[in-house]
Novice: 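Structure incoming, see below.
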Amino acid sequence: MQWKIIAAALLAAAADTQTTAVPGRDATRLQALILTGYNMHPWRPMTEVLRQHLEASGRFEVRINEEPAGIGQETLNGYDVVILNYTNYLGRFGPTFPDRSRMALLDHLKRGKGLVAYHASLSSFAEWPEYERMIGGAWRTGSKHAPYHTFRVEIVAPEHPIVAGLPASFMQSDELNQGLHMQKDIAILATAFDDPNNCTEREPKVCGSGKQQPVMWASTYGGGRVFTTALGHDMVSIKSAPFIATFVRGAEWAATGKVTIAPPAELTTSK
């Protein structure tokens, strides 16, 4: 009888290895997949910078898919976090995702995995209502932004693992959205004051709202975790220390529910 118990244990261990170890991937790193290829921004060089940030943290191995429409569950198997740098805004950039690909993302979260929605991806999939609920807030009818400028980001949930240990505020050169369609059951991590004196030169003028606007938030959805950042419009913004810190820590939290990546020295609250 004892040999049967030992045999069963060995079979279970082998099965577990088959489901967790993927040939060609580093089992010591979290596995991240960036879905991109279509965007109103220079997506290819910016995606490469995002990959570099993640891998420089020492926590991630990263792959990139530049043609994600049509992916299935088998594409996402073995990945701890999926990062969206993709938009089909107004049908002018990329194609929409078919049901097969939508279900793959939903199943990925149902398995307790993570999703990061980054900047332009907030404007994706207006034809897919569940997507808006999934990412916690989206660029929809009525959303807009005043000119790119430098503003102060305020951390409003300092106890959350993604931003714990970061300064109470930091400066960021970026776009600041207003009128995003926000969901109720999310944890807003950071906001920024939208200066009403910051206006476009051409008519009709678009000025800052004069209100605090959300720029980062986190949520749970379908059993998984989602981190969304509206920051990161260009090469300058995605190379700032605060963006790097929040992006990689947000990706780790989405993947695992914890954050082990320490804030960079220049951002520690002890300075």
Side-chain angles (χ1 to χ4, degrees), residues 39-41 46 49-50 53 83-85 87 89 116-124 132 135-201 205-219 226-251 253-254 259 263-264 266-269 271:
N39 212 308
M40 69 280 287
H41 303 89
M46 292 178 75
V49 171
L50 297 180
H53 292 337
I83 298 159
L84 297 175
N85 183 23
T87 187
Y89 179 59
V116 173
Y118 156 67
H119 195 64
S121 66
L122 275 67
S123 67
S124 290
E132 189 171 327
I135 67 170
W139 177 286
R140 296 294 183 250
T141 301
S143 301
K144 56 187 176 180
H145 61 75
Y148 181 106
H149 67 300
T150 300
F151 50 86
R152 182 173 294 278
V153 175
E154 306 278 351
I155 301 297
V156 297
E159 73 288 348
H160 196 282
I162 294 173
V163 293
L166 297 181
S169 67
F170 56 83
M171 302 304 294
Q172 176 76 3
S173 296
D174 219 313
E175 283 182 343
L176 181 53
N177 296 325
Q178 56 181 281
L180 295 176
H181 290 211
M182 305 299 295
Q183 301 297 304
K184 293 181 180 179
D185 297 327
I186 62 174
I188 295 178
L189 306 181
T191 66
F193 180 70
D194 200 8
D195 183 359
N197 296 313
N198 180 42
C199 302
T200 57
E201 294 182 359
K205 282 193 173 183
V206 177
C207 298
S209 64
K211 301 177 181 179
Q212 291 289 131
Q213 298 294 344
V215 296
M216 287 184 285
W217 53 93
S219 59
V226 182
F227 170 64
T228 303
T229 179
L231 301 177
H233 171 70
D234 64 0
M235 284 292 196
V236 172
S237 59
I238 65 172
K239 290 183 178 180
S240 76
F243 176 85
I244 296 169
T246 54
F247 178 72
V248 299
R249 287 160 63 91
W253 176 83
V259 175
E266 64 266 38
L267 291 182
T268 56
T269 54
K271 284 193 70 175

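The shown structure was predicted, so the numbers you read here are calculated from the model rather than taken from an experiment.
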Novice: Under a 4.5 Å cut-off applied to non-hydrogen side-chain atoms, are Pro147 and Glu201 in contact?
Specialist: no
Novice: Which atoms form the tightest heavy-atom contact between Ile135 and Val226, and what is the distance?
Specialist: CA-CG1, 4.0 Å
Novice: Taking all atoms of both residues into account, what is the closest heavy-atom pair of Ala138 and Ser143, and its distance?
Specialist: O-OG, 4.0 Å
Novice: State the OG-NZ distance between Ser219 and Lys184, to the nearest 0.5 angstrom.
Specialist: 15.5 Å
Novice: Output the distance between atom OG1 (Thr229) and atom CG (Asp174), rounded to the nearest 0.5 Å.
Specialist: 8.0 Å
Novice: Among all residues two or more places apart in sequence or in another chain, which pass the side chain to side chain contact (heavy atoms under 4.5 Å, CB included) test with Met171?
Specialist: Thr150, Arg152
Novice: Among residues at least two apart in sequence or on other chains, which ones pass side chain to side chain contact (heavy atoms under 4.5 Å, CB included) with Asp195?
Specialist: Asn197, Asn198
Novice: For the pair Leu231 and Phe247, evaluate side chain to side chain contact (heavy atoms under 4.5 Å, CB included) and give the outcome as yes or no after the intermediate values.
Specialist: CA-CA 9 Å; Leu231 301 177; Phe247 178 72; over 6 Å; no
Novice: Any donor-acceptor pair under 3.5 Å linking the side chain of His53 with the backbone of Ile238?
Specialist: yes
Novice: Nearest 0.5 Å, what's the CE-CD1 distance between Met216 and Ile188?
Specialist: 11.5 Å
Novice: So which atom in Lys239 and which in Val49 form the shortest heavy-atom distance, rounded to 0.1 Å?
Specialist: CE-CG2, 4.2 Å
Novice: Run the side-chain hydrogen bond (donor to acceptor under 3.5 Å, both in side chains) test against Asn85 and tell me which residues pass, sequence neighbours left out.
Specialist: Asn39, Thr47
Novice: Looking at every non-hydrogen atom in both residues, tell me the closest pair between Val153 and Ala190 and how far apart they are.
Specialist: CG1-CB, 3.7 Å
Novice: Only counting residues at least two apart or in another chain, list the ones meeting side chain to side chain contact (heavy atoms under 4.5 Å, CB included) with Gln183.
Specialist: Glu132, Arg133, Ile186
Novice: How about Thr200 and Lys205: do any of their side-chain heavy atoms sit closer than 4.5 Å?
Specialist: yes
Novice: Quick check: does any side chain N or O of Ser123 sit under 3.5 Å from a backbone N or O of Trp139, one acting as donor and the other as acceptor?
Specialist: no
Novice: Within the 4.5 Å heavy-atom criterion, are Ile162 and Trp217 side-chain neighbours or not?
Specialist: no
Novice: Hey, could you give me the CZ/NE2 distance between Arg140 and His181, rounded to the nearest 0.5 Å?
Specialist: 8.0 Å
Novice: I'd like to check the side-chain hydrogen bond (donor to acceptor under 3.5 Å, both in side chains) partners of Ser209; sequence neighbours left out, ordered by chain and number.
Specialist: Asp194, Gln213
Novice: Run His119 and Ser237 through side chain to side chain contact (heavy atoms under 4.5 Å, CB included) and show every step you take.
Specialist: CA-CA 11 Å; His119 195 64; Ser237 59; over 6 Å; no
Novice: Minimum heavy-atom separation for Met46 to Gly232, with atom names?
Specialist: CE-O, 3.5 Å
Novice: For side chain to side chain contact (heavy atoms under 4.5 Å, CB included), just list the numbers for Leu176 and His145, CA-CA rounded to whole Å, side-chain angles, deciding distance to a tenth of an Å, and then say yes or no.
Specialist: CA-CA 6 Å; Leu176 181 53; His145 61 75; 5.9 Å; no
Novice: Could you go through Phe193 and Glu154, starting from their C-alpha distance and side-chain angles, then the distance that decides it, and tell me whether this counts as side chain to side chain contact (heavy atoms under 4.5 Å, CB included)?
Specialist: CA-CA 9 Å; Phe193 180 70; Glu154 306 278 351; over 6 Å; no
Novice: Output every pair passing ring pair (Phe, Tyr, Trp, His ring centres under 6.0 Å) with a member in residues 147-177, not counting sequence neighbours, ordered by first then second residue.
Specialist: Tyr148-His233, His149-Phe151, His160-Trp253
Novice: Taking all heavy atoms of Val116 and all of Ala254, pick out the closest pair and write down the distance.
Specialist: CG2-CB, 4.2 Å
